[in-house]
2 protein chains.
Amino acid sequence: MKTDTVPDILPPRGHDAKRVSVIEAAAAVFCREGFAGANIDLIAAEAGVSRQTIYNHHGDKEHLFIAVVRELAERTNAGYFETISTFPDQPEDLEADLIAFAVRLHSNCICNRDGKFLRKLVQAEGERYPELFAGWREQGPSRTWAALAARFARLAHAGLLDIDDPDLAARQFLALINADLQVTMMLGMQPDEAALRTASTNAVRTFLKAFRAPG
Amino acid sequence: MKTDTVPDILPPRGHDAKRVSVIEAAAAVFCREGFAGANIDLIAAEAGVSRQTIYNHHGDKEHLFIAVVRELAERTNAGYFETISTFPDQPEDLEADLIAFAVRLHSNCICNRDGKFLRKLVQAEGERYPELFAGWREQGPSRTWAALAARFARLAHAGLLDIDDPDLAARQFLALINADLQVTMMLGMQPDEAALRTASTNAVRTFLKAFRAPG
DNA sequence: ACATTTTTAGACACACTTGTCCAAATCGTC
DNA sequence: GACGATTTGGACAAGTGTGTCTAAAAATGT
């Protein structure tokens, strides 16, 4: 008879803890050093794990890399959907609510650890793993953009916005969000809260000048 | 007595030709493989030059990399200024002229070989060479944004646009320009002419909805 | 044509990494 | 406490890449 206090996840506990710790460390090192420059010994040390354990779990460097990207993509994707679910569908103050939403988007998705890592890995190694990143593109940006577009379409339907092409509006919203932070992010720096608010405010103001429904 | 037919550049001809050929090949390989993954033998082969020549010219891998970034930054910068000098200061058809300008910006600066390479190198290795990329930032984006902002300010002064903060408008113009091509560029793909036109048209239409002067 | 500089090809030492193997230690569970 | 599975550390072979050195070949300028 099984005395499962809780139907725990299949693999045992310590095993799993090490697994995520490896992924975490590998993500950091792959990002810092690139695929070729990443050193498995260093990843092992940073994960607090022996090198052999990494080989036990993932086989070789390439499979480890793939596992890292999949994990990051999954998390980042989940973060996007969760944040988009807080979109202001019935805003009291449209501008303020959209600004707050943009700030959430930044801190939960674009500027957080996983988001930054994933973006960097896509840019650096995208051409080396076409199928891997094609998959990311379809599961990630395509879906999240569509989700965001649906929310904007709803605001338009409610008469608050004047939007022809909701998909385009969603893309432009995201582009404007990033306008002030492009270079900062490019160099791997972390903008502070104030910068996030400023960037979001600037973006939303311009977005509303372009798309706010007349009247 | 010197019979200089033309006051040629100081270093001899073949020497210089090899120098640029090395930079060219190195740029390509550094971008494809990253700094750590780049192989000097491969660069030499791709440049049609012996490995020793590279060491003669640049000393070691790191100095070669620095030379590549400097060269790309210089060229890209020059391209930006040249293209910005074609900004429509006295437009006949504001929308059409701005769209054409945006297309030029894409094909001469953002999507061309040097621009793509430089962006990728900044993103991949920016954290490893803080001073190098800090220099790029000041000589590049800062200056080009200011130059573009000045042009927008002029259009505003002429009563064609309604702009509070020309610097912000310039950043947002560039951000909108890229809105449709973000993912494509991220994966290192080259958008075709039609995509460039579409992206530029979408961007300029929204930009003008936000900033066109009333009346 | 000659003198000087540059380039070339190859060999070389050295360091570093990956991935494997194995015996001992540790962990989780009954 | 004992059992099986996992982890560990260390040694190891094989491959790869950097940077140096050399002598011969080519190019350059006068």
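Hydrogens, waters and symmetry mates are skipped; everything else that's a heavy atom, side chains included, is used.
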Calculate the interatomic distance between [X] atom [atom1] and [N] atom [atom2]; express it in whole Å.
{"X": "B:Phe35", "N": "D:dG17", "atom1": "CZ", "atom2": "P", "answer": "14 Å"}
{"X": "B:Asp16", "N": "D:dT28", "atom1": "CG", "atom2": "P", "answer": "12 Å"}
{"X": "A:Tyr55", "N": "D:dG9", "atom1": "OH", "atom2": "P", "answer": "16 Å"}
{"X": "A:Leu64", "N": "C:dT18", "atom1": "CG", "atom2": "P", "answer": "10 Å"}
{"X": "B:His58", "N": "C:dT7", "atom1": "NE2", "atom2": "C1'", "answer": "15 Å"}
{"X": "B:Ile54", "N": "D:dG17", "atom1": "CD1", "atom2": "P", "answer": "14 Å"}
{"X": "B:Glu33", "N": "D:dG17", "atom1": "CD", "atom2": "C1'", "answer": "13 Å"}
{"X": "B:Lys61", "N": "D:dG17", "atom1": "NZ", "atom2": "P", "answer": "9 Å"}

Is it true that a side-chain atom of [X] and a backbone atom of [Y] form a donor plus acceptor pair closer than 3.5 Å?
{"X": "B:Lys120", "Y": "B:Gly34", "result": "no"}
{"X": "B:Glu95", "Y": "B:Leu208", "result": "no"}
{"X": "A:Gln172", "Y": "B:Asn202", "result": "yes"}

ring-ring contact (aromatic ring centres under 6.0 Å, His included) involving A:His63 - partner list, sequence neighbours excluded: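 Result, ring-ring contact (aromatic ring centres under 6.0 Å, His included) vs A:His63: none returned.
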Once you apply a heavy-atom cut-off of 4.0 Å, does B:Ala38 come out as touching a base, just sugar-phosphate, or nothing? sugar-phosphate
Indicate, with a heavy-atom threshold strictly under 4.0 Å, whether B:His57 touches base, sugar-phosphate, or nothing. sugar-phosphate
In terms of side-chain geometry, is the basic nitrogen of B:Glu71 or B:Arg19 positioned less than 4.0 Å from the acidic oxygen of its partner? no
Basic-acidic side-chain contact under 4.0 Å: A:Arg128, B:Glu33: yes
Whether each nucleotide of nucleotides 8-16 of chain C has a protein heavy atom under 4.0 Å at its base (B), only at its sugar-phosphate (S) or at neither (-) is summarised, 5' to 3', as B--B-----
Where does the angle between the aromatic ring planes of A:Phe207 and A:Phe152 fall among parallel (under 30°), tilted (30 to 60°) and perpendicular (over 60°)?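 Taking A:Phe152 first and then A:Phe207, their aromatic rings sit tilted (interplane angle of 30° to 60°).
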Is the B:Tyr129 to B:Phe65 ring centre distance short of 6.0 Å?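 When the ring centroids of B:Tyr129 and B:Phe65 are compared, they turn out to be within the sub-6.0 Å range.
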Distance-only side-chain donor-acceptor flag, B:Arg137 / B:Ser142, under 3.5 Å: no
DNA chain C contacts made by residues 22-31 of chain B, counting heavy atoms under 4.0 Å: none
